Asks: 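Sharing a structure, written as structure tokens. Questions coming.
Index from 1, following the sequence. Values in this document were obtained by computation on a predicted structure and should not be read as measured data.
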Amino acid sequence: MAEVIRMPKMSDTMEEGVIASWQVKEGDKISSGDVLAEVETDKATMDLEAFEEGVLLHIGIKEGEAVPVDGVIAIVGEEGEDISDLLKELSDGGSSNSEESEDEDTSSEGDESTSDTDDEDIDTSDIDAELVLMPKMSDTMEEGVIASWQVEEGAEVSSGDILAEVETDKATMELESYNDGVLLYIGKKEGEAVPVDDVIAIIGDKDADWKKLLKAHEAKKNGGGESKKPESKVEKKEKSSSSSDAPSSSSSSSSDKSSNSNSDDRIKVSPLAKKIAEDKGIDLSEVKGSGDNGRIVKRDVEDFKPKAKSKPEEKKSSSDKQQDTGYKIPSVVGEESYDEKNISQMRKTIAKRLSESKFTAPHFYLTMEINMDKAIEARKSMNDMSPVKISFNDMVIKAVAAALRQHPNVNVSWLGDKMRINHHINIGMAVAVEEGLLVPVIRFADNKSLAHIASETKELGNKAKNKELQPKDWEGSTFTVSNLGMFGIEEFTAIINPPDACILAVGGIKQTAIVKDGELAVGNVMKVTLSCDHRAVDGAVGSAFLQTLKNLLEDPVRILI
């Protein structure tokens with residue numbers, strides 16, 4: 001019997017995943033444990049394994065497309081099995097019985113669910129820990145049994161480590177960790193059954209208040225969680241209906257589609273091909289269809305080359321214009337075109353986090369010029385002896401770390417109802433990659449030498465560009481540096497990377513006229529702009545920090561002390 005493969009929830013914050021690449025194709029035989037596809041989540045790119053054995057009968061999502069959690073990805077069954085009824089059922093929104101039963105359950109709860117949702121939510125934004133929930137490892141799975149734990153409470157785990165073996169209704173599978181940290185809590189003992197989406201364990205910082213996190217999850221589950229289910233069902237139906245309607249520009253196009261299939265007097269064309277033809281101004285009567293029964297499809301319109309036959313009309317219009325203006329206007333043949341691409345998970349996360357930062361945190365900006373003459377000389381001297389090449393960015397990071405040690409009120413994190421003053425200094429380094437922006441972290445930067453920082457920045461930069469960063473590489477920054485000087489940018493402002501309270505925007509070094517000892521001279525000047533969250537950092541505090549940073553870079557020997 002055919003089984004549906006759905007998008008699993010690979011992390012506690014995951015809402016959807018993007019199929020980065022398929023490792024199999026329709027018609028391939030697969031076994032339990034085979035990697036079907038690579039899935040890009042909001043945190044990392046993970047392998048999606050098969051929990052069924054059989055033939056891959058249907059792939060429902062193309063590479064690059066986003067799939068909500070529990071959305072249909074593929075169908076596995078026996079070779080030659082007819083899945084038309086299953087596909088129809090899925091396109092209609094799945095099993096209506098289960099939806100009706102859920103609707104009845106929620107309606108019977110009545111005022112209870114309403115009153116529960118009125119309770120105040122527990123704020124867990126300041127808790128550095130993640131819940132590990134029982135994933136839905138097969139379409140029919142309702143619960144899993146912990147066959148054995150591979151780690152103990154208090155043990156450190158990394159992304160990809162095996163936490164436990166889980167016995168499902170079909171097989172015993174390995175449960176991987178998607179987070180780095182300490183296993184703070186094990187919720188189920190070996191041999192106990194766990195319903196799908198129930199808490200199995202908690203992973204995070206060793207000092208995290210995991211009990212509060214667990215309490216918030218239970219409150220959400222027992223209170224507002226159920227009242228939101230019907231709403232999510234409606235959203236799924238709307239998504240499925242909108243996706244099925246997306247190729248059609250209007251209801252008339254769908255009626256044209258049905259009439260095309262039932263009548264030979266009209267041109268048989270798919271709705272998407274018809275829309276593309278309208279946008280490009282292509283006469284469909286001139287296009288030869290390659291689909292079933294001569295039906296025109298998307299590729300026919302895209303490959304179509306129109307015949308040049310509009311010259312008489314162009315001449316006429318040109319002559320008319322010549323009579324009006326006295327000038328013969330040349331005819332320009334052009335075609336409006338554009339490309340659309342799906343937004344990557346990384347870009348979605350960047351958009352969400354920076355929008356929240358910009359419109360939530362009251363930003364203010366402090367700009368200062370720094371004379372880099374001595375820094376240039378010092379860097380040249382350092383590179384004559386350093387085992388690794390030191391860049392100006394490395395010197396800025398070291399100077400920032402030293403300045404933060406003197407100004408701890410800048411090295412803070414805003415957590416909503418409280419402010420954290422960090423005693424450690426972890427500098428986030430903004431790195432541009434093809435899909436957007438990543439911020440790997442140089443930890444304890446104030447305790448590292450310039451050569452150490454230079455080596456680490458190069459390693460993290462290469463990892464970022466090769467998509468090899470792990471969560472431990474980008475989590476835990478207390479201050480961020482964004483440098484665009486290498487692109488010739490003289491000055492810019494940066495958006496704060498929450499929960500940090502400040503970010504430093506670094507411009508390029510430029511030769512300019514400066515006043516030195518009462519006389520004009522040529523100097524090398526670099527502009528820096530400090531963006532501050534006014535809820536946590538005041539103008540005087542930020543200004544004092546910049547003054548210290550200026551003194552350190554204008555006399556780099558101080559950095560080494």
Asks: Would you say that Ile202 contacts Leu213 through its side chain, given a criterion of any heavy-atom pair below 4.5 Å between the two side chains?
Replies: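 They are in side-chain contact.
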Asks: May I have the step-by-step check of salt bridge (charged side-chain N to carboxylate O under 4.0 Å, His left out) for Arg6 and Asp70, ending in yes or no?
Replies: CA-CA 5 Å; Arg6 298 181 183 271; Asp70 286 337; over 6 Å; no
Asks: Are the side chains of Asp197 and His217 in touch, meaning some heavy atoms are under 4.5 Å apart?
Replies: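 Answer no - side chains too far apart.
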Asks: Check for a donor-acceptor pair, side chain of Ser357 on one end and backbone N or O of Arg353 on the other, with a separation under 3.5 Å.
Replies: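 Answer holds: no.
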Asks: Are the side chains of Ile5 and Leu36 in touch, meaning some heavy atoms are under 4.5 Å apart?
Replies: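 They are in side-chain contact.
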Asks: When the ring centroid of Phe492 is compared with that of Tyr365, is the distance short of 6.0 Å?
Replies: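 No, too far apart.
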Asks: Short question: side chain of Ser477, backbone of Phe479 - any donor-acceptor pair under 3.5 Å?
Replies: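 No, Ser477 side chain to Phe479 backbone: no donor-acceptor pair under 3.5 Å.
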Asks: Can you name the nearest heavy-atom pair linking Asp473 to Glu468, along with the distance?
Replies: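 Result for this residue pair: OD2-O, 4.4 Å.
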Asks: Under 3.5 Å, is there a donor-acceptor pair between the side chain of Asn551 and the main chain of Thr548?
Replies: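 No: the side chain of Asn551 does not pair with the backbone of Thr548.
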Asks: Does a donor on one side chain sit under 3.5 Å from an acceptor on the other, for Thr529 and Thr493?
Replies: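 Their side chains do not contain a donor-acceptor pair, so the 3.5 Å distance test is not met.
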Asks: Do Trp22 and Ile73 touch side chain to side chain, with heavy atoms closer than 4.5 Å?
Replies: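 Yes, side chains in contact.
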Asks: Where is the tightest heavy-atom contact between Arg443 and Asn426, given as atom of each residue plus distance?
Replies: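 Answer, listing the atom of Arg443 first, then Asn426: CA-OD1, 3.2 Å.
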Asks: Apply salt bridge (charged side-chain N to carboxylate O under 4.0 Å, His left out) to residues Glu456 and Lys448 and explain how you reach the verdict.
Replies: CA-CA 10 Å; Glu456 196 167 337; Lys448 294 178 179 177; 2.7 Å; yes
Asks: What heavy-atom pair brings Val537 and Cys502 nearest, and what distance separates the two atoms?
Replies: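 Smallest interatomic distance, heavy atoms only, reads CG2-SG, 3.8 Å.
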Asks: Tell me, with the steps shown, if Val39 and Met7 meet side-chain contact (heavy atoms from CB on, under 4.5 Å).
Replies: CA-CA 9 Å; Val39 177; Met7 175 61 72; 3.7 Å; yes
Asks: Under 30°, 30 to 60°, or over 60°: which ring-plane class applies to Phe545 and His407, parallel, tilted or perpendicular?
Replies: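 Plane angle over 60°, so perpendicular.
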Asks: Can you find a pair of side-chain heavy atoms, one from Val132 and one from Leu163, that are under 4.5 Å apart?
Replies: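 Answer yes - side chains close enough.
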Asks: Going by heavy atoms in the side chains, are Lys211 and Leu214 under 4.5 Å from each other?
Replies: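 No, side chains not in contact.
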Asks: Main chain of Ile203, side chain of Asn179: is a donor-acceptor contact present, judged purely on distance under 3.5 Å?
Replies: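 Looks like no, no N/O pair under 3.5 Å.
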Asks: List the steps and the verdict of side-chain contact (heavy atoms from CB on, under 4.5 Å) for Val481 and Ile427.
Replies: CA-CA 7 Å; Val481 173; Ile427 305 296; 3.9 Å; yes
Asks: Does the Asn466 side chain pair with the main chain of Asn462, one donor and one acceptor, at a distance under 3.5 Å?
Replies: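 Checked: pair present.
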Asks: Do Lys398 side-chain atoms and Asp446 backbone N/O form a donor-acceptor pair below 3.5 Å?
Replies: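 Yes, Lys398 side chain to Asp446 backbone: donor-acceptor pair under 3.5 Å.
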Asks: Look only at the side chain of Lys9 and the backbone of Lys136, and say whether a donor-acceptor pair between them is shorter than 3.5 Å.
Replies: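 No, Lys9 side chain to Lys136 backbone: no donor-acceptor pair under 3.5 Å.
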Asks: Between Met368 and Leu546, which heavy-atom pair has the shortest distance, and what is it?
Replies: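 Smallest interatomic distance, heavy atoms only, reads SD-O, 3.5 Å.
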Asks: Just by modelled atom types, is the Ala494 backbone N or O under 3.5 Å from a matching donor or acceptor in the Ser531 side chain?
Replies: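 Judged by distance alone, yes, a pair lies under 3.5 Å.
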Asks: Taking all non-hydrogen atoms of both residues into account, name the closest pair between Asp209 and Ile127 and its distance.
Replies: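 In terms of heavy atoms, the two residues are closest at O-CD1, 3.6 Å.
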Asks: Identify the two heavy atoms, one from Lys550 and one from Glu369, that lie closest to each other, and give their separation to 0.1 Å.
Replies: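 Nearest heavy atoms, Lys550 then Glu369: NZ-O, 2.8 Å.
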Asks: Give a yes-or-no answer on whether the side chains of Asp394 and Ser391 include a donor-acceptor pair shorter than 3.5 Å.
Replies: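 Indeed, the side chains of Asp394 and Ser391 share at least one donor-acceptor pair under 3.5 Å.
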Asks: Give a yes or no answer on whether the side chain of Ser449 reaches the backbone of His452 with a donor-acceptor pair at less than 3.5 Å.
Replies: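 The answer is yes, because a donor-acceptor pair under 3.5 Å joins these two groups.
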Asks: Answer with yes or no whether the side chains of Ser21 and Gln23 bring together a donor and an acceptor at under 3.5 Å.
Replies: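 Yes, because at least one side-chain N or O of Gln23 sits under 3.5 Å from a partner of the opposite role on Ser21.
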Asks: What's the verdict on side-chain contact (heavy atoms from CB on, under 4.5 Å) for Ile495 and His363, showing C-alpha distance, side-chain angles and the deciding distance?
Replies: CA-CA 8 Å; Ile495 300 175; His363 286 53; 3.8 Å; yes
Asks: Is Asp538 reaching over with its side chain to a backbone N or O of Ala540, donor-acceptor style, under 3.5 angstrom?
Replies: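 Not at all, since once roles are kept as given, no pair shorter than 3.5 Å links the two residues.
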Asks: Just wondering, do Met395 and Ile453 contact through their side chains at under 4.5 Å, heavy atoms?
Replies: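 Ile453 vs Met395: side chains apart.
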Asks: Can you tell me if Asn411 and Asn422 form a side-chain donor-acceptor pair at under 3.5 Å?
Replies: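 On atom types as modelled, these side chains do not qualify, holding no pair under 3.5 Å.
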Asks: Would you indicate whether the side-chain heavy atoms of Thr457 and Ile442 approach each other to under 4.5 Å?
Replies: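 A side-chain contact under 4.5 Å exists here.
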